[in-house]
Structure formats: structure tokens, C-alpha cells
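Atoms within a ligand are numbered from 1 in the order they appear, just like the ligands themselves. Just so you know, these numbers use all the heavy atoms, side chains as well, and skip hydrogens, waters and symmetry mates.
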Amino acid sequence: MNDKNSELKDKLFAKKQNGWEGISDEEKKIIFNFSKEYINFLNIAKTEREVILYSKDLAEKSGFKNIQSVNELHAGDKVYYINRDKNIYLAVIGEEDMKNGLHLVGAHVDSPRLDLKPNPLYESEGFALLRTHYYGGIKKYQWVTMPLAIHGVIVKTNGEKVNVVIGENEEEPIFTITDLLPHLAEEQMSKKIKDAIEGENLNLLVGNIPFDDSKSGDKVKLNIMNILNEKYGIVEKDFLSAELELVPGFKARSLGFDESMVAGYGQDDRACGYTSLRAILDTERPKKTAICILADKEEIGSVGNTGMQTKMFDVFVSELLDKTKQNSINAIDVVYSKSKMLSADVNAALDPLYSNSYEKSNAAYIGEGIGLNKYTGQRGKMGGSDANAEFVAEVRSILEQNNIQYNISELGKVDVGGGGTIAYILANKGMDVVDCGVAVLSMHSPYEVTSKFDIYTAYRAYKAFYDYNI
Ligand code: MN
Ligand code: MN
């Protein structure tokens, strides 16, 4: 009787399973090797511009060409398009007409951080500091008293672009934002966490030596400006046309005695960016044209000409249609209406220290494979792109046919909060889209945590989606 009971349960109940269970030594080795490459990527590419450079290099090594250097495209051809160094689209031309639809995987490669203000440098009490304005949703208290590196570009009026990366190399200095000692912090400690560190106090400490022993003011600032002038050839006004980003000045690493996880900055959404990039690089002669999107500006609403809302994506698809000689009036709309997409963005993983914020039956867990979110949004799914049941079933079927472990979850308890992704933007064009990504602990913090099993599973899922043909 009991046997029959458990047999029936086995057959009828949905099961939760730790993905590491039943993994062979060989598979574990493959997963760990893939993660090593992923960790290396996280350490090289800490900003959207650096991700695009890295992707271009890897794509060219895999036989992708700049679409602008090609006049005609045929099945099996591989091309990329770089939009203002912050956003890349990659395509492998399929054997079928594009009007049968595209298979897309889209991730974003910008991450929460601190940007320098246009007029950042000042001197106070004998210190030189740089003012910042944070980018994306951060908990401000997480960004003080830690090593910070400066990455970005300064563009001069003559068009010269100076690349800046300082704070990564052991021989280079790092920077930090100070915090009040606990001995004097009685008042600060009694504030709400969100008010304890003010945005206008996220100022970076960058120097303390005066230029000379004259009586004039701002001598420490002068000394720093003089060092910057010698090192980068810039004057103070050049900060106005700079994009300088403060990112954690430490490295991504394996996490845990069992090394099952990855700790590192920027895994929202480079976990999905890297895996979708690797998946398209390994895609040969798909039936449907395969496209990988790595977008910018998701963390501030996907706006601007490098965010997912930009027309630049239409420009790219039109160029694919032109160069495959498939373009005609309304062709692009027909293409979109038949297209299918995985919106590859990270998921909120259940945190054992804060499990109260999640509804356990509908939470994503680290190590349980790729996570599908039928919808995101907040307060009654507001603003979320709700995938159609028909398409979710199709994606489930692809994953099950390929023996790829997945879970379907929500982002936290009802009415606790919420969030969005780029899914709705492509869905608005008429595509079928579902959110599909890696679960992350400590999301938006300087040190996010993912599972190596999930990272490799995401790669397999995106690859299976490109290869799938219906
Ligand atoms: Mn994201
Ligand atoms: Mn995010």
C-alpha cells in the first residue's frame, strides 16, 4: 500500500531536487571548468564596455564578422553589431527564412555601481575626494569601507578617448569610501538603514599630499589634478565628458568548502550574459536565425540608445533582412510576430537568512538549475511581462527533452517587492518571451553569489533553445 502510494507520488508530484545529486565526476569536472572560465570573465569584464570588448574578441575567434564588413549573408554565417561600445547583437543566420521567426536570448550587461559626477573632484579638510552618483538599485551601506577600482573612459574635445582601469593590479593603489567609527556613531546607528549612509556622502577618498608648501588653497586637489594630467593628459573640465564607474576592487572567486558556488561582482546579469554569449558562439547552422542580445541600461529602465528600448535593435534586424535578401515592407514586423525569446536575467534565490521574504513553494533555489519566471512585476504583477502558457509549455518541453533541470518561481512573496527585466520590450514587438535565468543570492550587492551548477545549466538551456526547431 505504502509502496503504491509513493509510486503514485513519484508520478504525480513536482519534485524539488538539488542539481548536484546524481552528477557524475566527469560532469562535475565540466561544470567546474566552465565556471573557471566564467570567473575569469567576471574579473576581466566589470563594466558594460568591458563586456562588449571581451565579447567582440571571443566572437571574432569563433568566426563572427562585423556585419558592416559583409555585403551578403547566407545560412550558417555569423555576424555581430556593436552599438556605441556598450551593447552588442550577435547572429547566426538560420537555414529557414527569417519570416518564420528568430530564436533570441537577451541579457543585460550593466550592473549597479557608483558613477563619478560630472564635477567630481574637490578638497575638504586636507583630503582630495571624488563625488559619485549611484547607478541602479543599491543598498548604500554596502559600498563603504571596501576596496573600489575606477573603470571607464574620458573623452577629450579632440575626440581622443582615454581608457581608465585603476585598482585591479596588486601594484596599483585602490580607493575607498570611509564610514564613521562605531564609537561616534550613536546617532547614525539609530537611523533606518536606508538613511544611515546618504547618497551625497558616497564620496571616494583619493589623496592627501599637498602640491607644495605654498599658502594657496586646494593644494591637495591641485596635486591630484597634476597626477591625472601627467598620467592621462586630462584637465578638470575633461571629467564632464567622462564615464568613470566605481566597481568593487576585488576578484570573483569560488565559494564554499565544496567550491560549489561563485562569489563575485556583477553577476546580475553577467551570469546570463556570459552563458548566452557562449551558447551562440557554439551554435552552428541553426534552422531558425539565432540572435544573442547583450543590452545596456537595464538597471535604470532599459532607456537610451544603448538600452533595450532603442531602435538600434530594429536597425540590426533590418540589416540582417537586407543582407539575406529577405527584406520587404513590414518584413520586420512579421519576423517579430513569429519570434521566440528567452529573456535571460537573474532570479532572486531563496536566502536561508531571510527566508521570510519568500514563499517557499514558489521561490527559486540556488543549485536547482535554470529558473523560469512566467512573470515578474509587483503589486498584482504590475509592469511584468506575463508569458503565455503555450510558450512556457514549449520552453518546458525543450528543457525536458534535453534533460535540463529547471524550476519555475516568482520573485519573492506577494506584495513584498518586485522587479522587471527586458522581457516586456521584446514582447511588445510581438514576440513570445519568457524570463529564464540563474538564481542569485545577495543580488545587487558588491559580492553576489550563484551556483556553478546553475551557470552551466543556463549555458545548456540557451544552447538548446538556439538549436531547437519548431
Ligand atoms: Mn538583471
Ligand atoms: Mn538588476
- Item | Counterpart residues, ring-ring contact (aromatic ring centres under 6.0 Å, His included), relative to Tyr459 (two or more places apart) | Phe34, Tyr456
- Message: Test of understanding: with ring-ring contact (aromatic ring centres under 6.0 Å, His included), list the residues that count as partners of Tyr365, not counting sequence neighbours.
- Response: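 If we apply the ring-ring contact (aromatic ring centres under 6.0 Å, His included) test to Tyr365, skipping adjacent residues, there are no hits.
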- Leaving out waters, which are not shown anyway, how many protein N, O or S atoms lie closer than 2.8 Å to the Mn ion (ligand 2)?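 If we list every protein N, O or S atom nearer than 2.8 Å to the Mn ion (ligand 2), we get 4.
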- Task: State which residues pass salt bridge (Lys or Arg N to Asp or Glu O under 4.0 Å) with Glu319; sequence neighbours excluded, sorted by chain then number.
- Result: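 Testing Glu319 for salt bridge (Lys or Arg N to Asp or Glu O under 4.0 Å), a comparison that skips the adjacent residues, returns Lys323.
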- Considering the options Ile408, Asn388, Val392, which one meets the side-chain contact (heavy atoms from CB on, under 4.5 Å) requirement together with Val434? Val392
- Message: With heavy-atom distances below 4.5 Å as the criterion, would you say the side chains of Ser409 and Asn373 are in contact?
- Response: yes
- When you measure from the centre of the six-membered ring of Tyr122, is the NZ or CZ of Arg131 under 6.0 Å away and within 45° of the axis?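 Cation-pi check for Arg131 and Tyr122: passes.
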